[in-house]
Amino acid sequence: MTKRYFADLDKYAESDVVIVGAGSAGLSAAYVLAKARPDLKIAIIESNVAVGGGCFLGGQLFSAMVLRKPADQFIEDLGLEYEDEGNFIVVKHAALFITTLCSKVLALPNVKLFNATCVEDLITRKDAAGSTRIAGVVTNWTLVSMHHDDQSCMDPNTINSKVIISCTGHDGPMGAFCVKRLASLGLLKRNAMGALDMNKAEDAIVKNTREVFPGLICAGMELSECDSHNRMGPTFGAMVLSGVKAAEEALKVYDVRKKQDLEDMC
C-alpha cells in the first residue's frame, strides 16, 4: 500500500488536469473529462476523508436529492432511476447519486483521487509575454495543514498541471480556497456569496462556469464567491451541469496551454 501510494504521488506530480474538490461538481467534471479524453492524466484532490461534499449534508440531512432539468440527462447516463416532477427530477437518495458517480469516476484508468489531502497554495508562472497564469497546486495532508499554527511546519508537495478546475464550494474551512487565495494575492476580486435565490443561482452558476483566471476554471458554489451569485440551497442540478461545463471548458483550455508551454520552452 505504501509503495503504491507514493508511486501514485510521483506519477501524478505532473498531471494534465487537477480537480480540486470531489463533490458533485468536481466528480461530474472528472467523469465527463476523463471519458472524453482518456489520454489525459487527471488528479482529484479532496480535503475530506470521504467524497461527496454537500451530497451528504444538503437540506438539513433530507435524503432525497432534487436536480433541476436538464441534469436528468446526466443522471440517465449514470444509469440511475429517478422520479420526474416536471421541471425537476428526484433521485432516491443523494448518497446513491454521489457513490454511483464516484465509483464510475474511480474506475476510469486515467483518474486518481487523493483524499484527506488539501490544496494549500497555487503555483503561478509567467508566460513568454510576462502574464501570470496558474500552473499547478501545492498540496499537503489535511491534518497537517490544519495544525500548521500549533505544530512544526511540514513542507508540502506540488502537482504541475496545464489546467486546474476548482470546485471547493462556498466559503468555509476549506471552501472557496482558490478564489480566496487569488483574491489575497490581488489577482482576482472576490465577491461574497449573495442571499438565497434558488432559480437565479442555478442559472447564473451554470452560465458563468468558466476560466476565471488563466489556468483556473471555477465551478459549482465556489463561483458564487467569485461572482457574488446567490445561495441556492439543497438543489444539485446546477452542481452537475456546472461540472459538465467545467470539463468542456477544460478541453478548450488544455490544448491552448499545452501549445503555450511548448512555445515557452523554445
(message) I'd like to know if V212 and I45 are part of one continuous hydrophobic network [Ile/Leu/Val/Met/Phe/Trp/Tyr, side-chain heavy atoms within less than 4.5 Å].
(response) yes
(message) Between R257 and D127 (salt bridge meaning N to carboxylate O under 4.0 Å), is one present in this structure?
(response) no
(request) For T139 and P156, work out which heavy atoms get closest and say how close. (result) O-CB, 3.0 Å
(request) Compute whether any side-chain donor of one residue and acceptor of the other, for T132 and K126, lie under 3.5 angstrom apart. (result) yes
(request) For C167 and I19, work out which heavy atoms get closest and say how close. (result) SG-CG2, 4.5 Å
(message) Going by the rule salt bridge (Lys or Arg N to Asp or Glu O under 4.0 Å), which residues pair with D197 if we only count those two or more places apart in sequence or in a different chain?
(response) none
(message) Just verifying a value: how many Å separate L101 CG and S24 OG, rounded to the nearest 0.5 Å?
(response) 8.5 Å
(request) Measure the CG-CD1 distance between L122 and I164 for me, rounded to the nearest 0.5 Å. (result) 7.5 Å
(message) Tell me if a side-chain donor or acceptor on S15 pairs with a main-chain N or O of S161 at a distance below 3.5 Å.
(response) no
(message) Given 3.5 Å as the limit, does a donor-acceptor pair link the side chain of N230 with the main chain of A195, or not?
(response) yes
(message) Side-chain heavy atoms nearer than 4.5 Å, only ILVMFWY residues, links allowed to pass through others: does that put V105 and L80 together?
(response) yes
(request) Group every Ile, Leu, Val, Met, Phe, Trp and Tyr by side-chain heavy-atom contacts under 4.5 Å, then state whether L188 and I123 land in the same group. (result) no
(message) A quick test of your reading: do over 12 heavy atoms of other residues, nucleotides or ligands sit less than 6.0 Å from CG of N87?
(response) no
(request) Identify whether the distance between the nearest side-chain nitrogen and carboxylate oxygen of D16 and K162 falls below 4.0 Å. (result) no
(message) Testing the basics here: between A176 and E222, what is the closest heavy-atom pair and its distance to 0.1 Å?
(response) C-OE2, 3.4 Å
(message) Quick check: do F74 and V32 have side-chain heavy atoms less than 4.5 Å from each other?
(response) yes
(request) Identify the heavy atoms of R133 and F213 that sit nearest to each other, and give their distance. (result) CA-CE2, 4.1 Å
(message) Quick check: do L216 and C178 have side-chain heavy atoms less than 4.5 Å from each other?
(response) yes
(request) With sequence neighbours excluded, tell me which residues meet salt bridge (Lys or Arg N to Asp or Glu O under 4.0 Å) with D10. (result) none
(message) Between S145 and L143 (side chain of the first, backbone of the second, donor and acceptor by atom type, cut-off under 3.5 Å), is there such a pair?
(response) no
(message) Between N199 and R68, is the side chain to side chain contact (heavy atoms under 4.5 Å, CB included) condition met? List the steps.
(response) CA-CA 10 Å; N199 291 326; R68 196 169 66 160; 3.8 Å; yes
(request) Could you grab the distance from atom CG of L33 to atom CD1 of I42, nearest 0.5 Å is fine? (result) 4.0 Å
(request) Could you state whether V17 and L108 fall into the same hydrophobic cluster, counting links through intermediate Ile, Leu, Val, Met, Phe, Trp or Tyr residues with side-chain heavy atoms under 4.5 angstrom apart? (result) yes
(request) For residues M221 and M193, determine if any side-chain heavy atom of one lies less than 4.5 Å from a side-chain heavy atom of the other. (result) yes
(request) Before giving the answer on side chain to side chain contact (heavy atoms under 4.5 Å, CB included), spell out for I75 and V91 the whole-Å C-alpha distance, their side-chain angles and the decisive distance to 0.1 Å. (result) CA-CA 9 Å; I75 297 302; V91 175; 4.2 Å; yes
(request) With sequence neighbours excluded, tell me which residues meet salt bridge (Lys or Arg N to Asp or Glu O under 4.0 Å) with E46. (result) none
(message) Does any part of the side chain of D39, heavy atoms only, come nearer than 4.5 Å to the side chain of N110, both counted from C-beta?
(response) no
(request) Of all the heavy-atom pairs spanning S224 and H170, show the shortest one and how long it is. (result) OG-CB, 4.1 Å
(message) Taking the side chain as everything from C-beta on, heavy atoms only, tell me whether Y31 gets closer than 4.5 Å to V244.
(response) no
(message) Are L196 and I205 linked, directly or through intermediate hydrophobic residues, by side-chain heavy-atom contacts shorter than 4.5 Å (ILVMFWY only)?
(response) no
(request) Any chance you could lay out the side chain to side chain contact (heavy atoms under 4.5 Å, CB included) test for C218 and V179, step after step, and finish with the verdict? (result) CA-CA 8 Å; C218 199; V179 165; 3.8 Å; yes
(message) Using the rule given for side chain to side chain contact (heavy atoms under 4.5 Å, CB included), can you reason through D84 versus K69, listing the C-alpha separation, both sets of side-chain angles and the distance that settles it, and then say yes or no?
(response) CA-CA 10 Å; D84 194 321; K69 293 180 178 179; 3.0 Å; yes
(message) Would you say the rings of F236 and F97 are close, in the sense that their centroids are separated by under 6.0 Å?
(response) no
(request) Find the distance between CG (L251) and CG (L40) and round it off to the nearest 0.5 Å. (result) 7.0 Å
(request) Using only heavy-atom distances, determine whether the side chains of S242 and T209 contain a donor-acceptor pair under 3.5 Å. (result) yes
(message) Do D227 and R210 have side chains that approach each other closer than 4.5 Å (heavy atoms only, starting at C-beta)?
(response) yes
(message) Looking at D149, I'd like to know if its CG atom is crowded, meaning that more than 12 non-hydrogen atoms belonging to other residues, nucleotides or ligands lie closer than 6.0 Å.
(response) no
(message) How long is the straight-line distance from NE2 of H229 back to CG of D203, given to the nearest 0.5 Å?
(response) 10.5 Å
(message) Taking the basic N atoms (NZ, or NE/NH1/NH2) and the acidic carboxylate oxygens, is any pair closer than 4.0 Å for D77 and K104?
(response) no
(request) Check V51 against F56 and note the closest heavy-atom contact, atom names and distance. (result) O-CE1, 3.2 Å
(request) Flag the pair E202 / T235 as yes when at least one side-chain heavy-atom distance between them is below 4.5 Å, and no otherwise. (result) yes
(request) Examine distances only and state if a side-chain atom of K41 and a backbone atom of K11 form a donor-acceptor pair shorter than 3.5 Å. (result) yes
(message) Is the shortest side-chain heavy-atom distance between Y82 and V90 below 4.5 Å?
(response) no
(request) First locate atom CD1 of I44, then atom CG of N115, and finally report the distance between them rounded to the nearest 0.5 Å. (result) 10.5 Å
(request) May I ask you to check whether over 12 heavy atoms, not counting those of M198, lie within 6.0 Å of atom CE? (result) yes
(message) I'd like to know whether E249 forms a salt bridge (Lys or Arg N to Asp or Glu O under 4.0 Å) with K252, so could you lay out the CA-CA distance, the side-chain angles of the two residues, the decisive distance to 0.1 Å, and finally the verdict.
(response) CA-CA 5 Å; E249 292 296 307; K252 296 176 187 176; 3.3 Å; yes
(request) Go through D171 and K180 one step at a time and tell me if the salt bridge (Lys or Arg N to Asp or Glu O under 4.0 Å) criterion holds. (result) CA-CA 9 Å; D171 196 8; K180 289 190 291 188; 2.7 Å; yes
